[in-house]
Amino acid sequence: MEKILSDILKDIEVLQVKGDTGRHIAGITFDSRQVVPGVVFAAVRGTQSDGHDYIDAALASGASAIICEQFPASFSGNATLVRVKDSSLSLGILASSFYDHPSAKFKLVGITGTNGKTTTITLLHRLFTALGYKSGCFTTIRNYIGNETVDATHTTPDPVQLNRIMKDMAESGCKYVFMQVSSHALAQQRVAGLRFAGAIFSNITHDHLDYHKTFDEYLKAKKLFFDNLSPASFALINTDDRNGKIIVQNTKATIHYYGIRSMADFKARIVESRVDGTLLNIDGIEIWTRFIGEFNAYNLLAVYSCACLLGQQKEEVLKVMSSLETVEGRFQYLQSPEGVTAVIDYAHTPDAIMNVLKTIGQINKGNGQVITVIGAGGNRDRTKRPVMAQVAADLSDKLILTSDNPRNEEPEEIIRDMKAGLDDRQLAKTMIQPDRHEAIKTACMLAGKGDIILIAG
């Protein structure tokens, strides 16, 4: 596909132009290695590098236009230079324009928060599919266009990839699209130019402080999502999280609340919790679900509330919800013939680990020992590592510290950070096994009838 440069520049704030804006454009990129003749190169300032340093390389590869915050000191060639205030913001808007504003062709709902994003978005996709609508979704694990899977590289893709996939979603007939919106994506303006029908706030706890540096900055990034909503959209907020009201202080959207403990527009109550599911009362109607724990009750309530705000019938939504299966890697459990239960959960923050282990404690009722296998991801927030270990040790009978996607760090260094958070009492029930496969085998060998193994991360 091709566009005229002047057409895709209409929606951004242009400070200065050098060259012809009537030229044909064949694509947009912010990676100089992907530049070919006819492509626009956006010089974006990142955390690791500055796109302005690669303008010469982009020009040498035949870029037709350069979007930048500062013109190069010297320039030769016939490319058009466009100076803007914010290249990151401009990239998102340009990508949306280039792909014909795909997010306006269906109802787009995003969710942000520390925990519960993947489960909520995946269940919304499954719910609307079961209700007879073709829908799409973006999650940390994978993306879907209807029932077709598209590999995911980030929780929220970059603006060009995001709009390209959304164009495919619109052309394939998707009526609803659900997406996770990470704090990194918000800080980096990856969702700029998208038109959201609604936004969900799940919760906010300690995470990603390696990137945001402080909790206030992390909260501010989440708040950006709601600050930029239009008056035609809805903001659905977990009222039991005290930061929810801060998140929507400046939103223009219509605010709705869901909760279990506080007054809310959409309410739920846990009637019974068992190892094979939970009986919930949602807005006065009882339904049996295959999901376990209070944190999943919040996820299901968010799904229900969102569906109602999108115009679906309450009774039909609850009927379908009662048949939904658990999400891969989110409190999945299996039992051995010997009576040992294993729970696999993606929990990788102190709050998520606490939620999972408290749920296991409620199910276990003190009848068996809880053995937790846990690590922390490399090249991520180091400050949460000792806290994760503390929480896991306090709520487990035995703890095995191991690897969890170390990336470019040494597993032993990560484990050392976790171990530093443990006192003598906690260390007495802790084992160290950097090999994750061996750590899981060890947990299985230690477990007996009635015991529960948690494999986290």
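Counting only residues at least two apart or on different chains, the ring pair (Phe, Tyr, Trp, His ring centres under 6.0 Å) pairs with a member in residues 185-204 are F196-F225. Applying the side chain to side chain donor-acceptor pair (under 3.5 Å) test to pairs two or more places apart or on separate chains, those with a residue in residues 442-457 are Q369-D451.
A side-chain donor from one of D394 and Q426 sits under 3.5 Å from a side-chain acceptor of the other. Counted by atom type alone, N115 and Y298 present zero donor-acceptor pairs between their side chains at under 3.5 Å. Using modelled atom types and a 3.5 Å distance limit, the side chains of T114 and D351 yield no donor-acceptor pair.
Side-chain contact between R407 and R380 is present, with heavy atoms from C-beta onward closer than 4.5 Å. Inter-residue side-chain proximity for N250 and F226 is flagged as unmet; no heavy-atom pair is nearer than 4.5 Å.
Taking the side chain to side chain donor-acceptor pair (under 3.5 Å) definition, one finds that Q161 meets it with nothing, sequence neighbours left out. Contacts of S305 classified as side chain to side chain donor-acceptor pair (under 3.5 Å), with partners at least two apart in sequence or in another chain: none. In this structure T122 satisfies the side chain to side chain contact (heavy atoms under 4.5 Å, CB included) test together with T118, R126, T139, V327, sequence neighbours excluded.
Around CZ of F266, the count of heavy atoms belonging to other residues, nucleotides or ligands within 6.0 Å exceeds 12. In K419, the NZ atom is not crowded: 12 or fewer heavy atoms of neighbouring residues, nucleotides or ligands sit closer than 6.0 Å. Around the CD atom of E410, the shell of radius 6.0 Å holds no more than 12 heavy atoms that belong to other residues, nucleotides or ligands. Within 6.0 Å of NZ on K134 lie more than 12 heavy atoms contributed by other residues, nucleotides or ligands.
Ring centroid separation for the pair Y346 and H348 comes in under the 6.0 Å cut-off.
Classification of R261 and E294 as a salt-bridged pair holds, one side-chain N sitting under 4.0 Å from a carboxylate O. Salt-bridge annotation for R45 and D50: present, with a side-chain N of the basic residue lying under 4.0 Å from a carboxylate O of the acidic one.
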Enumerate donor-acceptor pairs with a distance under 3.5 Å from any side-chain N or O in residues 313-320 to protein atoms, sequence neighbours excluded.
from, atom 1, to, atom 2, distance (Å)
K314, NZ, D283, O, 3.0

Discussion item. Using the rule given for side-chain contact (heavy atoms from CB on, under 4.5 Å), can you reason through L280 versus I270, listing the C-alpha separation, both sets of side-chain angles and the distance that settles it, and then say yes or no?
Written reply: CA-CA 5 Å; L280 288 175; I270 297 174; 3.7 Å; yes
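Closest approach of P159 to Q189, counting heavy atoms only: CG-O, 4.4 Å.
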